[in-house]
Amino acid sequence: MVALSFLAAFEYEGKLSRLSRVDPRPKLIWLVAAMVLSIAYSSLKAQLLIAVIMVLPVIALGGVASVVLSLLKSTSLLFAMVFGLNYVFTRDLSFSLAMGLRLVILVVCFASFFRSTHTSELSDLMTKLRIPFYVTFTFTTAIRFIPTLAMEAQEIMDAQASRGLELERGSLLRRLKNYIPLLVPILVCAIRRSYQLAEALESRCFGYTKKRTMAYGLPPMSKTDWMFLAASVAQSAAVILLASM
Amino acid sequence: MPEPIVDIQNVTFKYAGSSAPAIVDVSLQIKRGEVVLVTGASGSGKSTFCRLLNGLIPHFYEGEFSGCVFINGVDTRTIPVYVLSKDVGLVFQNPDNQLVSLSVEREIAFGLENLGLPREEIIKRTEFILKYFGLDRLRDVPPYKLSGGEKQRTALAAVVAMRPLLLVLDEPTAELDPMSALQLALMLSQLREMETTIVIVEHRLDVFTPLATRILVFSEGQLVRDGPPEEVLFDSNLSSLGVSTPRVVQLQLKLEELGIKLPIKALTVSSLVDQLSSAVSSLDLR
């Protein structure tokens, strides 16, 4: 379950940190700004500036340092691959390090955002952004059923393992092949579940009216939220200014 | 005489791809305020009966359908499931598949939002239901983090919030431990006091018999018994239909075999104890 332990870094932590109490709107702006800047600039200097000015303060605010460290540990192989491949093809150490750092920034930014934002806040955010309800609903349903499907997959794996299937044995190719017998039951269960979900939705008057009420939504932004937004804008400006010097 | 809330007339249904019909020529009526316990062996047609009540059959399941089902005077063939579900609340066997929202609070509001009720009304009803079902402290918890009992309670609460005329529960204790099953029965007894018409499909008759005003027994798709619990459960041939009668009834049947007949047929342990103690005290043991 290596892949699932990696996903735990993106799981909502509850209202534990100061970052999780910030409205998702300024957090999304911060995330998009950090992401765009990291992709727009390819120099090591710019990536370091983004990491120090934009990412580290948010890690501190989110109190997610230990999570980030474990996340970096689990993505170290990916980081090494990005760095190694870039170095092999470009022979440019600074550029290769920048590309590796870009990956780290992106992963850490997404983890900080998702750890501090409840999925219902995300759906409210999507509604606020005037994304159609069917898109928002599809997104939240997918998020809602990830743990259920993961549990089901684990049960199927346990059932197969108890009948002698060895998943973690042999070469990488062999291990990948070991997973094939799991795919069919997992897929069949997921399809059956989607059918039952459709049945349950109809039974809860889904589609009863075109004017569906959205009873819950994001509250107005507080002073802290506006301060976070202002800080994100200032951080982005500082990165642009310093990177182009 | 008031119109029955459910009126099933000669209904037969065979699922597409199936060789035998799941329901055969079933006719019955259910009046307002009745609590109907539906039982029978696996594959006897109980779940199909549930699906008939909110129009999932014939709208959602393909197959050969004949006869008529009227809910509150409306033919289920003429209106879609999502409209019919306003009057018929169906709680499925597996709560995992019907909890679609990201928190308990939103789950309860989901159906009300679908109905397009005013925001203030939704929040008012949601708050009431959260407290009524003891879910207040779980309001922000995502459904996948709930225990089996909490999931089932949330699923029931979400359906009750929509104030259906008829509440249908398909094997609600299938994933519950005995204590959670008893808690569910207690909640349903409170709903019964609010004059909600309830249909419970269940194997575990011990839990729900004290609530029931009527018991239906299905066997191979046919309705083979229909009557008050005292009449249906004391039928000594019931076990041949794959129905396990409550222990309290089994004990009375054993006593009858021994020639001891109690004046009133007891359906609960406490009423049996009362009867036995009065029978014993009337004996002169000196």
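Protein chains get the first letters and strands the later ones, always in sequence-line order, with residue 1 at the start of each. Source: prediction; values computed, not measured.
- A donor and an acceptor atom, one from each side chain of D177(B) and S180(B), are located under 3.5 Å apart.
- Taking R106(B), Q98(B), R51(B), E105(B) one by one and counting their heavy-atom pairs under 4.5 Å with chain A, the maximum is reached by R106(B).
- Heavy-atom distances place no part of Q93(B) under 4.5 Å from chain A, backbone and side chain included.
- For the residue pair D124(A) / T127(A), no side-chain donor-acceptor distance below 3.5 Å is found, with atom types taken as modelled.
- For S194(A), no part lies near chain B; criterion is any non-hydrogen pair under 4.5 Å.
- With a 4.5 Å cut-off on non-hydrogen atoms, T126(B) touches chain A through its side chain but not through its backbone.
- Contact annotation for L115(B): both backbone and side-chain heavy atoms come within less than 4.5 Å of a heavy atom of chain A.
- No side-chain donor from either of T39(B) and E202(B) sits under 3.5 Å from a side-chain acceptor of the other.
- Across R193(A), M214(A), K210(A), the residue that shares the most heavy-atom pairs under 4.5 angstrom with chain B is R193(A).
- Contact annotation for P143(B): only side-chain heavy atoms (C-beta onward) come within less than 4.5 Å of a heavy atom of chain A.
- Heavy atoms of Y195(A) lying under 4.5 Å from chain B belong to its backbone as well as its side chain.
- Side chains of R192(A) and N97(B): a donor-acceptor N/O pair is absent below 3.5 angstrom, by distance only.
- Aromatic pair Y61(B)/F13(B): ring centres not closer than 6.0 Å.
- For L84(B), no part lies under 4.5 angstrom from a heavy atom of chain A.
- Contact check on E113(B) versus R204(A) returns no salt bridge, with no Lys/Arg side-chain nitrogen under 4.0 Å from an Asp/Glu carboxylate oxygen.
- If you check the side chains of Y208(A) and S85(B), you find no donor sitting under 3.5 Å from an acceptor.
- Ranked by heavy-atom pairs under 4.5 Å with chain A, the first of N54(B), D96(B), L90(B) is D96(B).
- In this structure, the portion of F92(B) lying under 4.5 Å from any heavy atom of chain A is its side chain and not its backbone.
- Aromatic ring centroids of F110(B) and Y216(A) lie 6.0 Å or more apart.
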